[in-house]
Amino acid sequence: MQKYYLWTVGCQMNVADSEKLAAGFTRLGLKAVDRPERADIVVVNTCSVRQHAEDRAYSKLGRVRDIKRERPGLKLAVMGCMVGLKTDALEKRFPYVDVFARPQQFEGIMALVATPAEDLGGEFWPSTYAVPDGPCAYVPVVHGCNKFCTYCIVPYRRGREKSRPVDEIVREVAYVTAHGVREVTLLGQTVEAYGHDLPAQPDLGDLMRELSALDRLQRIRFLTSYPKDMTQRILEAVATVPKVMENFSLPVQAGSDAVLESMRRGYTKSEYMEKIAEVRAMMPGAGITTDIIVGYPGETDRDFKETCELLEQLRFDKVHVATYSPRPGTIAFRRMEDDVPAEVKAARLQRVEEIEERISQEINDGYAGTVQQVLVEGIRNDQPYGRTRTGKLVHIDAAARVGSLVGVRIAHAGPFSLRGTPQDALVLA
Ligand code: SAM
Ligand code: SF4
């Protein structure tokens with residue numbers, strides 16, 4: 001039996017791609033191993049959003065190169081966002097790699113291990129479903145991105161938006177829920193763009209309604225949201241379909257109109273604030289997280305101050321902050337100088353983290369004493385854990401069955417997680 005080792009870095013979409021590839025390997029009879037030394041094929045699934053992620057892939061590749069020197073029969077594939085349309089530069093730099101595969105272009109990888117007669121499936125292998133170990137699954141619903149924010153490499157690597165048909169997604173979710181999944185996270189780089197390219201033009205709300213009719217499915221999450229694409233109609237679906245969680249990942253990126261315009265985000269600070277107000281008016285207490293880039297080209301102290309003010313005003317549950325990383329091939333890389341010194345970027349990053357930690361703690365303090373619906377996702381160090389409908393991580397101080405929905409009374413709140421005990425009367429499923 002052939003063995004595979006799969007290493008993944010990057011976003012949830014990349015994790016979903018790896019799960020799909022793993023499902024394909026399983027279909028061909030391969031077995032997963034946890035070290036490259038034991039594998040017949042190694043796949044490195046890469047991310048290119050920031051230099052740091054690329055550096056991690058490079059170091060992984062260096063390690064596999066050493067193994068391959070001793071065992072030349074080992075097959076090595078690189079997939080994901082580091083692989084663009086042209087692979088000449090990569091081939092030159094990593095001559096020991098057997099296949100470079102763009103995101104979701106699995107066929108070349110499968111051909112390394114399959115016999116020619118075996119069915120390698122189509123682009124997204126509609127009939128090969130990945131079933132995760134636990135009760136939560138990622139389900140990509142729209143691939144690619146049409147936005148071209150100036151700093152971002154994603155549209156160049158994942159291509160234009162391509163939605164999967166509603167019935168294909170329903171079949172996949174029905175399958176995974178029949179195999180123990182209770183919560184799905186619908187994925188897209190801009191998930192509200194779902195459906196505009198399909199003949200009947202369903203929107204994300206239509207998809208949520210269809211999925212919510214599946215009995216075994218308990219909860220539906222969705223990410224990542226794009227302010228301009230989040231229509232009133234979609235928000236109504238989130239607010240009214242009971243299985244859809246009140247949990248938004250809504251990146252703002254910056255709090256200064258000058259920076260937002262330079263990034264080509266397509267909204268102003270006040271438009272973004274209105275969107276948040278709309279969400280909160282319809283769903284008071286919704287969990288809202290955001291992404292911030294600090295040190296974008298030309299970001300002044302004044303611009304950064306506006307970002308900090310925005311964070312204080314909007315009070316997000318969580319902020320994912322990163323320093324600007326120039327990405328060759330993007331508009332910002334070609335036209336703008338990376339002119340914010342590294343130490344200024346680092347100081348701004350730290351400042352955002354300080355603000356975020358304080359605000360998260362204050363918001364989480366408000367959960368103390370409340371009872372929250374928690375889906376038990378797993379058990380770590382003998383302690384069950386899961387998430388509230390608003391996306392808060394909860395550690396549970398008693399036995400709880402993985403996959404069950406439990407009412408948990410929150411006893412302790414920290415900035416990054418909550419802790420509490422289940423209420424017997426509130427075990428929900
Ligand atoms: N589509 C989502 C959006 O509209 O923001 C996010 C997808 S993007 C792959 C994930 C996050 O990576 C972004 O929100 C942004 O904060 C960060 N990111 C993207 N390019 C970056 C860059 N060149 N440097 C630093 N962070 C970057
Ligand atoms: Fe990148 Fe912008 Fe598309 Fe998000 S919306 S993936 S940041 S180009």
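Each ligand, and each atom within it, is numbered from 1 in the order the structure gives. Note that the structure is predicted; figures quoted are calculated from it, not measured.
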Exactly one candidate in Glu306, Glu274, Glu261 meets salt bridge (Lys or Arg N to Asp or Glu O under 4.0 Å) with Lys269; the answer is Glu306
Near Tyr226 (heavy-atom distance under 4.0 Å), the atoms of ligand 1 are 4 (O)
Within 6.0 Å of CG in Asp167, more than 12 heavy atoms from elsewhere = yes
Per-atom filter on ligand 1: closer than 4.0 angstrom to a heavy atom of Pro251 are 3 (C), 5 (O)
Q. Would Tyr151 and Phe333 count as a close aromatic pair, with their ring centres under 6.0 Å?
A. no
- Short N/O distance, under 3.5 Å, between Tyr151 and ligand 1? yes
* What is the ring orientation for Tyr267 with Tyr226, classed by angle as parallel under 30°, tilted 30 to 60°, or perpendicular over 60°? -> perpendicular
Scanning both residues in full, the closest heavy-atom pair of Ala77 with Ile109 reads CB-CG1, 4.0 Å
So the atoms of ligand 1 within less than 4.0 Å of a heavy atom of Val154 turn out to be 9 (C)
By side chain to side chain contact (heavy atoms under 4.5 Å, CB included), Arg158 pairs with (sequence neighbours left out) Met13, Asn14, Asp17, Cys81, Pro103, Gln104, Val154, Gln189
Nearest non-hydrogen contact to atom 11 (C) of ligand 1 from the set Asp291, Asn14, Thr323 belongs to Asp291
The answer for which part of Ser325 has a heavy atom under 4.0 Å from ligand 1 is both
Can a donor-acceptor pair be found, under 3.5 Å and without considering hydrogens, that links the side chain of Thr289 to the backbone of Asp317?
no
| request: Report the relative orientation of the aromatic rings in Phe100 and Phe94; use parallel for angles under 30°, tilted for 30 to 60°, perpendicular for over 60°. | output: tilted
Under 3.5 Å donor-acceptor, Asn146 side chain and Glu161 backbone: yes
re atom 7 (S) of ligand 2, the protein heavy-atom contact at minimum distance is Tyr151 OH, 3.4 Å
Rounded to the nearest 0.5 angstrom, the CZ-CE distance for Arg102 and Met82 is 14.0 Å
Any heavy atom of Arg265 under 4.0 Å from ligand 1? The part involved is side chain
Worksheet item: Under 3.5 Å, side chain of Arg389 to main-chain N/O of Val244, donor-acceptor pair present?
Response: yes
Nearest non-hydrogen protein atom to atom 19 (C) of ligand 1, with distance, is Val49 CG1, 3.4 Å
TODO: Answer yes or no for atom 26 (N) of ligand 1: protein heavy atom present at a distance under 4.0 Å?
DONE: yes
Counting C-beta onward and ignoring hydrogens, is there a side-chain heavy-atom pair between Val9 and Asn45 closer than 4.5 Å? no
In ligand 1, the atoms that come under 4.0 Å of a heavy atom of Tyr324 are 24 (N), 25 (C)
When rounded to the nearest 0.5 Å, the distance separating OG1 of Thr177 from CZ of Arg182 is 6.5 Å
heavy-atom search around atom 6 (C) of ligand 1 in the protein gives Thr224 CG2, 4.2 Å
Logged contact type for Arg50 with ligand 1, heavy-atom cut-off 4.0 Å, is side chain
Handout entry: Whether over 12 other heavy atoms sit under 6.0 Å from Asp55 CG
Key = yes
Any heavy atom of Ile293 under 4.0 Å from ligand 1? The part involved is side chain
Checking heavy atoms under 4.0 Å, the part of Thr330 that sits near ligand 1 is neither
In terms of its nearest heavy atom to atom 16 (O) of ligand 1, the top option of Arg327, Gln253, Arg157, His52 is Gln253
Closest to atom 7 (C) of ligand 1 among protein heavy atoms sits Gln189 OE1, 3.5 Å
Counting only protein N, O or S atoms and ignoring waters, those under 2.8 Å from atom 2 (Fe) of ligand 2 are Cys149 SG
